[in-house]
Amino acid sequence: MSGFGKGCHLHLIDGSAFIFRAFHALPPLTRKSDGLPVGAVQGFCNMLHKYVADNAGPDAPTHAAVIFDKGSHTFRNDLYDEYKANREAMPEDLRPQIPLTRKATEAFNIACKELEGYEADDIIATLACQARDAGGRVTIISSDKDLMQLVGDGVEMLDAMKNRRIDREGVIEKFGVGPERVVDVQALAGDSVDNVPGAPGIGIKTAALLINEFGDLESLLDRAEEIKQPKRRQTLIDMRDQIELSKRLVQLDCDTPIDFGLDDLEVRDPDPEVLMPFLAEMEFRSLSKRIAEHLGVEAPIIADAPPPPSDAPDAPSFEAADYACVRDAEALEAWIAQIRERGWVAVDTETTGLNEMVADLVGISLCVEAGTACYIPLTHKAGATDDLFGEEGLAEGQMPLEEALALLKPVLEDPAVLKIGQNMKYDAKIFARYGVDVAPIDDTMLLSYALHGGLHGHGMDTLSERYLAHSPIPIKPLLGSGKSAITFDRVPIDDAVPYAAEDADITLRLWQTFKPLLHQSRVTTVYETLERPLVPVLAQMERNGIKVDRDTLSRMSNAFAQKMAGLEAEIHELAGETFNVGSPKQLGEILFDKMGIEGGKRGKTGAYATGVDVLEDLATEHDLPARVLDWRQVSKLKSTYTDALQTHINPETGRVHTSYSIAGASTGRLASTDPNLQNIPVRTEEGRRIREAFVAEPGNLLVSLDYSQIELRILAHIAGIPALKAAFAEGQDIHAMTASEMFDVPMEEMTPDVRRKAKAINFGVIYGISGFGLARNLRIPRAEAQGFIDRYFERFPGIRAYMDETKAFAKEHGYVQTLFGRRIHTPEINAKGPRASFAYRAAINAPIQGTAADVIRRAMVRMPAAIEGLPAKMLLQVHDELLFEVAEDAVEDVIARAREVMEGAADPAVHLDVKLTVDAGQGANWAEAH
DNA sequence: GACATCACG
DNA sequence: GACGTACGTGATGTCC
């Protein structure tokens, strides 16, 4: 290459951002041999490898460098000694890893640059300017807003996390001005993270407004007298020096005295002779294997590896794996022998659909060690050979389903053979329909949930990509999509084998990866008491289903349809034209443009907001929004409940079978899908009637047991609030007690309104209270809401301490914990900006909501044994409620036993200072039982 | 497929 | 002092 110039493309990676991201995104990891923390280094290497691997295309960079900060004192500190003064100290675990990330960059043979006394941003600015002036392109890999001033003229940014490019338009979207005026806006708005003062009372929005009006900062300051708002005018006049200082702080230096040139940054291939030893030194086993594979060299042998649960010393790559197709009893028996020899097997089923209540078994995959897997096709259809009667034969070369199941059943039910699956509830339910009761089990999805809850999803694709660096064969090309989609039994066996067997292979490798980590992360008990044992319990509940009366729903649907039609006519009449009432966009235009109602607020997409709270405010003055609210309620009830629910009634059982996701919610709660039976209406009279359609079989009753105020009780325990504990012990009305404390109203004189306020505050505390949130909820001025909160903290001082401690814990560890040891990761807690506030509130809430979720999980796990022998079935869980179907004469027995289990569910693992109490109800339908 | 809305705890 | 805010979910309809 003859020097940097036109046609060249320079990539500049913000090294510090990479390190911090790697550090916070990953669980702590130490080097086995000496305990040196290396998690961030590993994450950093992962990102570099991904970066290198992703940049092979025609748009590949010709030049690249990773830029680091160096030294804590920069010229900005000379300008302003408070610059970055409120930044928190670097975490202890991260400090020793910083020099290692530099070594890593060099090991990857990527230029690694820094300059004493200068921030990485200034070096990036200098290089970007040089490259631009030479006529080349530049991509800055960072999402730091301070770098946005450099965008334009061939310079772009790339947010590697979101894989989003930020160009001139992106900058305007963020700052309201073009890149050349970004520093002016920043000078006015300041930056709390870097402690740039700016002008008090002016944020980005206002700053952009002013700059756009006056052209640039200098003109604005010179002509500050012309500003109409008196306060703003005075601020700009008084604060001129501070604003000008701020500008010098945010302005990047394009002239740093670097001692190298663009030509030194030419992209070079990594040298395996250097890279491999470095990875070996770090003891990155799987990463070095992966990179060795990518470079086509031998992976280094890293001594002192922890013994994997597999006896396979070197797992073959997925590409090299050769999967078997099992077509007869003899071959299957050979596999079964291998399984018995080892004592475990990864299992995966292929079926005709996602609904386990309906789907039929098509084939089974087994894997006994990494790379050694098979697929047993069972009911694949022959190709396009259907005859006139639509009868289709089975494809050739499959063993009879019954024969295969007869051979496998003893193994699948053998207590000495562990069956490993990814989302085993699905497979267990399928097998159950064929008379096979799979046990014991391990579930890689649940292992990941216990280990990484809150960090990422736990689907197989995610886990495989993250932990095995392998993208599973996608199912789409096999099945097609849309109308022409086929079911798995129509996939040719030859195509099915690699796909299906690979799933079992991946599952086994994930198990080998995760299982040893359980102990290290101290979540073995969580997995073994709260996750794994729930699988058979939920499988049984889902198979039980709940009887839903179609006629009741159908009648309600008709009534709703009539009511909607009437309301719609009224609404059109009021609007003076017909429009789609269900379209928030059209409704907004009618209300705020056509009718000219004041106070329409536009959301981020530019459409008017027309949510309930907006319409409720308008409804006091206008009829139309009031009618729309009515229409919406009816429309919701009809479409989501009376209509959709009917389609979920299983024709064979006459019941509705929901599916619970165990690893969906980050806090440990379950989530119900297809249909969601955890959000059946109850708060309004009209909605509650939907529950009349959920009925018991003749001779039975529905029995509902729910925890009373479980989250507040847990809060009282965790935060140690004597007043709350005492109130619960005495069985007082907790919201009334709170109100009495806070507003100095004796309990006898309590009014509903005062109690309502206290209730909102109690909930607010659980949610990580803020003045703004409470103000909005209660529709009171923010200052008043803040006053309530201050008073609450004064009266219940333990709350404040709990919040502070929880926040500190999250910041230090990257996760928070429930009383039972469940970890909920909060990777964003150390982010900057509003994301951190989100993470903060979620971190406050997670231990409370999560502990409540753990409690009911424990109750559910114990429930089958507790009601054994009684004519009762557990049907549904709704977070703090369990619903049973019970023969009439056994109702009292079941209530007594279930209540005992639920009230004692925390014991013996945790002794709560506050007792848990359970309310019970019964009736012919769910409305009566609740 | 994103977004707005609304049902639940 | 200003960001943009209540926590956790799933399903539906509109609109591009």
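A close approach under 4.0 Å does not occur between any side-chain nitrogen or oxygen of Arg841(A) and OP1 or OP2 of dT5(C).
Base pairing annotation: dA2(C) forms no Watson-Crick or G-U wobble pair, as no partner gives both donor-acceptor distances under 3.5 Å. The partner of dC3(B) is dG13(C), judged by Watson-Crick or G-U wobble contacts that both fall below 3.5 Å.
Partner of Phe809(A) under the ring-ring contact (aromatic ring centres under 6.0 Å, His included) criterion, chosen from Tyr802(A), Tyr840(A), Tyr815(A): Tyr815(A).
Judged by distance alone, with hydrogens and angles left aside, Arg683(A) brings a side-chain donor or acceptor within reach of the base of dG9(B), the pair sitting under 3.5 Å. Side-chain atoms of Lys636(A) and base atoms of dC6(B) include a donor and an acceptor less than 3.5 Å apart. You'll find a donor-acceptor pair under 3.5 Å spanning the side chain of Arg782(A) and the base of dT5(C), going by distance alone. Judged by atom type and distance alone, Ser770(A) reaches the base of dT5(C) through a side-chain donor-acceptor pair under 3.5 Å.
The six-membered or imidazole ring of Tyr792(A) lies near that of Phe796(A), with a centre-to-centre distance under 6.0 Å.
The main-chain N or O of Met902(A) is found under 3.5 Å from a side-chain atom of Tyr707(A) such that the two form a donor-acceptor pair. Here the side chain of Glu828(A) pairs no donor or acceptor atom with the backbone of Arg835(A) at under 3.5 angstrom.
Salt-bridge formation is detected for the pair Arg627(A)/Asp630(A): a Lys NZ or Arg NE/NH1/NH2 atom is positioned less than 4.0 Å from an Asp or Glu carboxylate oxygen.
In this structure, Arg791(A) fails the cation-pi test against Phe793(A), since its NZ or CZ atom is not both closer than 6.0 Å to the six-membered ring centre and inside 45 degrees of the ring normal.
Below 30°, between 30° and 60°, or above 60°: for His452(A) and His458(A) the angle between ring planes is below 30°, a parallel geometry.
Of the candidate nucleotides dA6(C), dG8(C), dC15(C), dA6(C) has the atom nearest to the side chain of Ala760(A).
Between dC8(B) and dC3(C), the two P atoms lie 34 Å apart (nearest whole Å). The separation of dT5(C) from dT5(B), taken at their P atoms, amounts to 14 Å, rounded to a whole angstrom.
In this structure, Asn676(A) places its CG atom 17 Å from P of dG8(C), rounding to the nearest Å.
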Got a list of protein N/O to nucleotides 2-4 of chain B N/O distances below 3.5 Å?
| unit_1 | atom_1 | unit_2 | atom_2 | d |
| --- | --- | --- | --- | --- |
| dA4(B) | OP1 | Thr605(A) | OG1 | 3.3 |

